[in-house]
Number of protein chains: 2
Amino acid sequence: MTRKKTSADKGLDFGILPSLAGYQLRLAQIAIFRDFAAALGEFDVTPGLFGVIVIIDANPGLKQSELARAAHLDRSTVVSVIDNLERRRLVERRPAENDRRSNALVLTPDGIALLKKLKRRVGEHEKRLVEHLSEEERVTLVTLLQKIFPEQR
Amino acid sequence: MTRKKTSADKGLDFGILPSLAGYQLRLAQIAIFRDFAAALGEFDVTPGLFGVIVIIDANPGLKQSELARAAHLDRSTVVSVIDNLERRRLVERRPAENDRRSNALVLTPDGIALLKKLKRRVGEHEKRLVEHLSEEERVTLVTLLQKIFPEQR
DNA sequence: TATTGTTATACTCTATAACTATA
DNA sequence: TATAGTTATAGAGTATAACAATA
């Protein structure tokens with residue numbers, strides 16, 4: 001055990017990559033996405049979709065364009081996302097009160113019920129994510145990530 | 001200034017999302033990808049492609065299937081990635097020495113020259129990434145990210 | 001039998017541009 | 001004029017399955 005453990009198998013050299021925050025973020029992202037898919041794939045919900053459902057739940061009646069900004073998506077992308085969720089009877093488009101151009105988005109009872117299950121699964125997923133971190137380290141990680149893009153909350 | 005600053009504009013509620021490491025990682029990833037594209041878009045190089053080029057540079061002669069494992073890609077995906085880089089005369093497929101099934105991947109002189117420019121740009125990009133972090137915080141961040149998936153280096 | 005690279009194919013996520021209806 | 005939602009379309013990135021050549 002004298003050679004530094006590199007990755008995978010064959011002792012490949014990753015050059016400058018491991019020192020780059022952007023690369024480590026990317027690796028973490030890839031692994032998270034896979035664990036998330038394994039944990040919630042059964043419900044056909046990706047991290048992005050989960051975020052959309054949480055945001056609608058927390059802001060019932062919000063408009064599609066508000067959701068677009070919040071979720072970092074184009075308005076046109078939101079159309080297909082909501083089409084998808086509406087087809088699955090998880091979300092409803094209602095006429096907005098003071099603006100006949102807008103839709104007011106709300107979760108259906110099915111959506112609310114699913115969200116409850118999803119939250120439990122995501123909680124377990126998060127626990128796996130940070131299982132090698134102490135509680136203090138976990139808080140530090142979240143804080144540092146927030147600091148990277150303070151404008152984003 | 002009494003209300004806690006949330007995101008974007010309209011004071012939307014993000015529910016549990018901000019407390020999730022997975023969500024913060026996702027946000028960081030989105031912003032990083034956009035800054036990367038702005039900084040290197042002129043060269044038509046994404047973070048993934050940059051990683052591939054660095055790995056080939058650091059391991060001249062490696063096989064496509066080794067690259068696949070290192071870059072977390074399927075073998076079939078590597079085919080199109082290398083097709084792309086070879087069309088642009090950045091990478092060459094050479095016959096491997098002891099295995100007539102394999103290709104040995106190497107950067108061309110053009111590839112080496114491009115990589116040099118890319119590294120400079122990526123350096124500037126990284127600097128922007130961590131501009132709100134002290135050097136100590138930067139190191140902590142990278143360390144914590146590595147801890148999330150220790151098996152990955 | 002197992003592995004390497006390849007092809008054909010398809011799917012997900014996303015964006016751009018142009019349209020309509022409303023404001 | 002500007003905004004909200006929509007449509008048509010396209011591109012990037014990825015994977016799965018089946019195949020030929022080679023190990």
Side-chain angles (χ1 to χ4, degrees), chain A residues 8-10 26 29-34 36-38 40-41 43-52 56 61-88 91-105, chain B residues 8-10 26-27 29-34 36-38 40-41 43-53 56 61-88 91-105:
Chain A
D9 34 331
K10 260 213 60 181
R26 196 177 127 77
Q29 187 65 20
I30 290 171
I32 286 173
F33 194 90
R34 286 182 184 161
F36 196 100
L40 288 88
F43 299 114
D44 254 301
V45 172
T46 56
L49 218 42
F50 174 72
V52 164
I56 296 174
L62 87 168
K63 304 191 298 180
Q64 289 182 202
S65 45
E66 288 168 349
L67 174 60
R69 275 189 295 274
H72 304 268
L73 295 173
D74 188 83
R75 278 165 22 238
S76 66
T77 305
V78 167
V79 172
S80 14
V81 170
I82 300 300
D83 281 353
N84 173 356
L85 294 175
E86 206 170 35
R87 232 179 293 119
R88 291 155 69 177
V91 167
E92 234 186 274
R93 283 170 165 109
R94 298 207 180 139
E97 303 230 315
N98 303 312
D99 188 338
R100 286 190 303 172
R101 295 171 303 182
S102 304
N103 297 324
L105 302 176
Chain B
D9 34 332
K10 261 213 59 181
R26 195 178 128 78
L27 276 192
Q29 187 66 19
I30 290 171
I32 286 173
F33 193 90
R34 285 179 184 163
F36 197 100
L40 287 88
F43 299 114
D44 255 302
V45 172
T46 56
L49 217 43
F50 175 71
V52 164
I53 295 172
I56 296 174
L62 87 168
K63 304 190 298 180
Q64 290 182 200
S65 46
E66 289 168 350
L67 175 59
R69 275 188 295 274
H72 304 269
L73 296 173
D74 189 84
R75 276 163 26 236
S76 66
T77 304
V78 167
V79 173
S80 14
V81 169
I82 299 300
D83 281 352
N84 172 356
L85 294 175
E86 205 169 36
R87 233 180 291 117
R88 292 154 69 177
V91 166
E92 235 186 273
R93 283 169 164 107
R94 298 206 181 141
E97 304 231 315
N98 303 313
D99 189 339
R100 286 190 304 172
R101 295 171 303 180
S102 304
N103 297 323
L105 302 175

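Keep in mind the model is a prediction, meaning the values are calculated, not measured. By convention in this document, chain letters (A, B, ...) are assigned in the order of the sequence lines, proteins followed by strands, and residues within each chain are numbered from 1.
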Phosphate contact (C:dT3 OP1 or OP2) by B:Gln64 side-chain N/O below 4.0 Å: no

Nearest-angstrom distance from the residue atom CZ of A:Arg69 to P of C:dT14: 18 Å

Flag side-chain contact, heavy atom, 4.5 Å: B:Ile56 against B:Ile82: yes

C:dG5 OP1/OP2 closer than 4.0 Å to side-chain N/O of B:Ser65: yes

For atom CD1 of A:Ile82 and atom P of C:dC13, their distance in whole Å: 14 Å

Distance in angstrom units between A:Leu105 CG and D:dA4 C1', rounded: 12 Å

5' precedence on DNA chain C between B:Asp83 and B:Lys63 (nearest-nucleotide basis): B:Lys63

With sequence neighbours excluded, residues passing side chain to side chain contact (heavy atoms under 4.5 Å, CB included) with A:Val79: A:Gln64, A:Asp83, A:Arg93

Derivation and outcome, side-chain contact (heavy atoms from CB on, under 4.5 Å), residues A:Ile32 and B:Arg26: CA-CA 9 Å; A:Ile32 286 173; B:Arg26 195 178 128 78; over 6 Å; no

Rounded distance (Å) that lies between atom P of C:dT6 and atom CG of B:Leu67: 12 Å

Length of the CD1-P vector between B:Ile30 and C:dC13, whole Å: 13 Å

Euclidean distance, atom CZ of residue A:Phe50 to atom P of C:dT12 [Å, nearest integer]: 21 Å

Results of side chain to side chain contact (heavy atoms under 4.5 Å, CB included) for B:Arg100 - residues two or more places apart only: none

Annotated protein contacts, base or backbone, on nucleotides 13-23 of chain D with a non-hydrogen cut-off under 4.0 Å, one of B, S, - each: SSBBB---BBS

Main-chain N/O of B:Arg101 paired with B:Asp99 side-chain donor or acceptor, under 3.5 Å: yes

Check: B:Leu105 and B:Leu85 side chains under 4.5 Å, non-hydrogen atoms: no

Integer-rounded Å distance: C:dT14 C1' and B:Gln29 CD: 15 Å

